Amino acid sequence: MPTSGCRLDENPGFFSRGGVDPRAKVFVTFAFLLVVTSFGKYEISRLTPLFLYPVSITAVSCVPVAKLLRRVLVALPFVLFVGLFNPLFDRQILFKAWGLSISGGWISFVSITFRSLLAVAAAVVLAMTTPFDRLCLGLEKMGVPRVLVTQLQFLYRYLSLLQEEAVRMVRAHALRARGNRPKIRVSSAASMIGFLLLRSLDRATRIYRSMLVRGFDGEVRLMKPLRFAWSRDGIFVAFWTLYFLTVRFVDVPGRLFGWVLGR
Amino acid sequence: MSHHFLEVRDLWVAYPDGTEALRGLSFRLEHGEAVGLVGANGAGKSTTLLALAGLVIPCRGSVNLGGTVLSKQTVGEIRRRIGFLFQDPDDQLFMPTVFDDVAFGPLNQGLTAEEVEERVRTALEQVGAGHLAERPAHRLSGGEKRSVAIATVLSMMPDVLIMDEPSASLDPRGRRLLIGLLKSFTHTRLVATHDLDLVLEVCPRTIVLSGGRVEADGETARIFQDRTLLERCGLEPPLCLQGMPR
């Protein structure tokens, strides 16, 4: 069964295996998220220079833009839901343009949407340009508890199998249910989820057994050293950190606008 | 090398729900022997394999691998010397890449990085999967997964190979390659399977289980021609002995 829906690391190149160290990418992504979330709730224009980060990484690492957008758009309903009530609660008029009164709620709604899309884009770009095992190794080297990293690895490894089992179960239900497009009733869904859990537990037992017979003693050992090259990874981190700080503390669009108008 | 025998004596295993899966099982494998373990569903094949690796605790009886009796103290050593191939390769391949999976056992044995690399390379080449080293295991075909699963076992350099349904869900070509591979090994081998044609090709000796006991133990060709015995144990002769039209 194809598992293309779960595939995240299919873009080799400058940012993939053998490219920028995953620790550098994780650090820069977190710095980006920190800066994005640190802006005030009515800030929109000053966020725009931050689009340079996901856009440039996408360009350099040859990530297909359509695929990236599809994955970013998956988060859009959640993003819109988060800011949905702002226009209702915050009705203070901030400015008027072309005869329209724009309330603070609408401004903060757009700002939240902007910031969320930026954050999701950065996370998706990180996932699409870094093999998952390298990403996990990077997280572990950065001090994330090993047990958590191992959980992540197992989740990634077995997510597709869980998905396959769920699809098979839904298909079996559809074949025995009435109607052209049978709906799964709540009672059936509860039972199916229960069976899925039991199957997962069975599989977990079998995997644990297969680990035991190969000498597992509680520690998952990996043999892939990461090399942090200052000439490459150091420059990558320094450049983007400096850029984010500049965008955070200097009103880049305002200055550019003023500069253009001044001329 | 004669110390690689595997002896099971009067083994009894019961599951928590009271089911007696093994009821006084006894047999002995000599060094280098390839033995088929056959029987109907529920005969006790899988439980036998689990008990050999100390993955289920017997109520009674003993497992002796080359003079080491299986116990809480020796289970680690026994597992180091037994290579266990599981029925579903997805249960066996849990690491991010094929390389990591094949290296998992040797790393747990405390080998150096160079030794581990050498073991991984040799094991993958042995099963013809050297080119898959950097691939994630869950993107492999069924046949490739099976080959890599065998490599994960070989890289630990076991004395005895025990395999649970190795040909399950393989296509004819994958199955043919597997048979060739199993025949090329010189390890002591115990193959639990419903694929009697595979047993006929790979294992000169067969043990027939029924109801948790050894019903027959002897030369494969002789056992598979005994229709009465096979029927009594819920089996049928292999297809190649059934006079199938060619």
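Chain identifiers are assigned alphabetically (A, B, ...) following the order of the sequence lines, protein sequences preceding nucleic acid strands; residue numbering begins at 1 within each chain. On a predicted model such as this, the values are computed, not experimentally measured, just so you know.
- Taking the six-membered ring where the residue is Trp, B:Phe94 and A:Phe154 present parallel rings, their angle staying beneath 30° rather than reaching 60°.
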- request: Mind running salt bridge (Lys or Arg N to Asp or Glu O under 4.0 Å) on A:Arg23 and A:Asp233 for me, showing each step along the way?
  value: CA-CA 9 Å; A:Arg23 285 167 292 184; A:Asp233 308 318; over 6 Å; no
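- A:Tyr158 contributes a side-chain N or O that, together with a main-chain N or O of B:Asp90, makes up a donor-acceptor pair within less than 3.5 Å.
- Ring geometry for A:Trp240 versus A:Tyr243: interplanar angle over 60°, hence perpendicular rather than tilted (30 to 60°).
- Aromatic ring centres of B:His138 and A:Tyr156 lie closer together than 6.0 Å.
- When heavy atoms are compared at a cutoff of 4.5 Å, B:Gln109 does not approach chain A at all.
- For A:Asp21 and A:Arg134, the salt-bridge test fails: no basic side-chain N is under 4.0 Å from an acidic carboxylate O.
- To the nearest 0.5 Å, atom CG of residue B:Leu140 and atom CG of residue B:Leu93 are 7.5 Å apart.
- Checked against a 6.0 Å centroid threshold, the rings of B:Phe86 and B:Phe84 count as neighbours.
- Put simply, the side chain of A:Lys25 reaches to within 4.5 Å of the side chain of A:Thr129, judged on heavy atoms.
- A:Ser191 places no side-chain N or O within 3.5 Å of a backbone atom of A:Ser187 that could act as its donor or acceptor partner.
- The CG atom of B:Leu22 lies 5.5 Å from the OG1 atom of B:Thr47; values are rounded to the nearest 0.5 Å.
- Using cut-offs of 30° and 60° for the angle between ring planes, the A:Phe216 and B:Phe104 rings count as parallel.
- Under 4.0 Å is where a charged nitrogen must lie from a carboxylate oxygen, and between B:Asp91 and A:Arg203 at least one such pair does.
- Of all residues in residues 148-157 of chain B, those placing a non-hydrogen atom less than 4.5 angstrom from a non-hydrogen atom of chain A are B:Thr152, B:Met156.
- Scanning residues 206-214 of chain A against chain B with a 4.5 Å non-hydrogen threshold yields A:Arg206, A:Ile207, A:Arg209, A:Ser210, A:Met211, A:Leu212, A:Val213, A:Arg214, sorted by number.
- Residues of residues 53-62 of chain B lying within less than 4.5 angstrom of chain A, judged on heavy atoms, are B:Ala53, B:Leu55, B:Val56 in numerical order.
- Panel note: side chain B:Lys45, backbone B:Leu209; no donor-acceptor pair is recorded below 3.5 Å.
- No donor-acceptor pair under 3.5 Å is formed between the side chain of A:Thr130 and the backbone N or O of A:Ala127.
- Within residues 113-123 of chain B, the residues having any heavy atom under 4.5 Å from a heavy atom of chain A are, by residue number, B:Ala113, B:Val116, B:Glu117.
- Contact annotation for B:Asp101: both backbone and side-chain heavy atoms come within less than 4.5 Å of a heavy atom of chain A.
- B:Arg189 places a side-chain N or O within donor-acceptor distance of the main-chain N or O of B:His187, the cut-off being under 3.5 Å.
- To the nearest 0.5 Å, atom CG of residue B:Asp159 and atom CD1 of residue B:Ile82 are 9.0 Å apart.
- Looking at B:Leu50, only its side chain comes within 4.5 Å of chain A, counting heavy atoms on both sides.
- Residues B:Leu198 and B:Val191 are in side-chain contact: their nearest non-hydrogen atoms beyond the backbone lie under 4.5 Å apart.
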